[in-house]
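The block underneath contains the structure these notes are about, expressed in structure tokens.
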Amino acid sequence: MTPWTGILVASIICVALKALGYLLPPRWFDGERAQRIIDQLTIALLSALVVVQTLGAGAAIVVDARVPAVAAAAVLLALRAPFLVVVAVAALVAAALRAWGWAA
């Protein structure tokens, strides 16, 4: 199987799942409990993505300049800094640590 075959199959599955979502009755999502679960699921998935992208390198866990950069971004977000400032500071932290030799 070529890589393009896998990409096409995954794309078709994603479109099918999205279409299936439109066929579900809206009343299933109207309750307070359902809304709470949907909100928490979004946060959990986004958090998992951040952790995987920060610590992952193939099948290994790597602690490099990305970890302090994400920590700096988290602190700035907690202090309600503007998003562009958060991104710029995180990039500067990672770049400085890599320039000092602490990177993979």
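Numbers here simply count residues along the sequence, with the first being 1.
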request  = Kindly write out the residues that satisfy side chain to side chain contact (heavy atoms under 4.5 Å, CB included) with I7, not counting sequence neighbours, or none if the list is empty.
outcome  = W4, S11
task = Under the side chain to side chain contact (heavy atoms under 4.5 Å, CB included) rule, collect the residues that match up with V67, sequence neighbours excluded.
result = T54, L55, V63
State, to 0.1 Å, how close [X] and [Y] come at their nearest heavy-atom pair, and which atoms those are.
X   : Y   : answer
A72 : V93 : CB-CG2, 4.1 Å
V62 : A57 : CG2-CB, 3.4 Å
A65 : L97 : CB-CB, 3.8 Å
Q53 : R66 : O-NH1, 3.1 Å

Do the side chains of [X] and [Y] join up, straight or via other hydrophobic residues, at under 4.5 Å, putting them in one cluster?
X    : Y   : result
I61  : V51 : yes
W100 : V89 : yes
L17  : V9  : yes
L77  : V85 : yes

query = Who pairs with R27 by salt bridge (Lys or Arg N to Asp or Glu O under 4.0 Å), at least two apart in sequence or on another chain?
reply = none
message = Checking the side chain of Q35 only, and the main-chain atoms of D30 only, is there a donor and an acceptor separated by less than 3.5 Å?
response = no
message = Counting only heavy atoms from other residues, nucleotides and ligands, does the tally under 6.0 Å from CD1 of I37 exceed 12?
response = yes
task = Verify the neighbour count for atom CG of L84: are there more than 12 heavy atoms of other residues, nucleotides or ligands below 6.0 Å?
result = no
query = When rounded to the nearest 0.5 angstrom, what is the spacing between CD in Q40 and OG1 in T42?
reply = 10.0 Å
message = If I take atom CG from residue L49 and atom CG from residue L46, how far apart are they, to the nearest 0.5 angstrom?
response = 6.0 Å
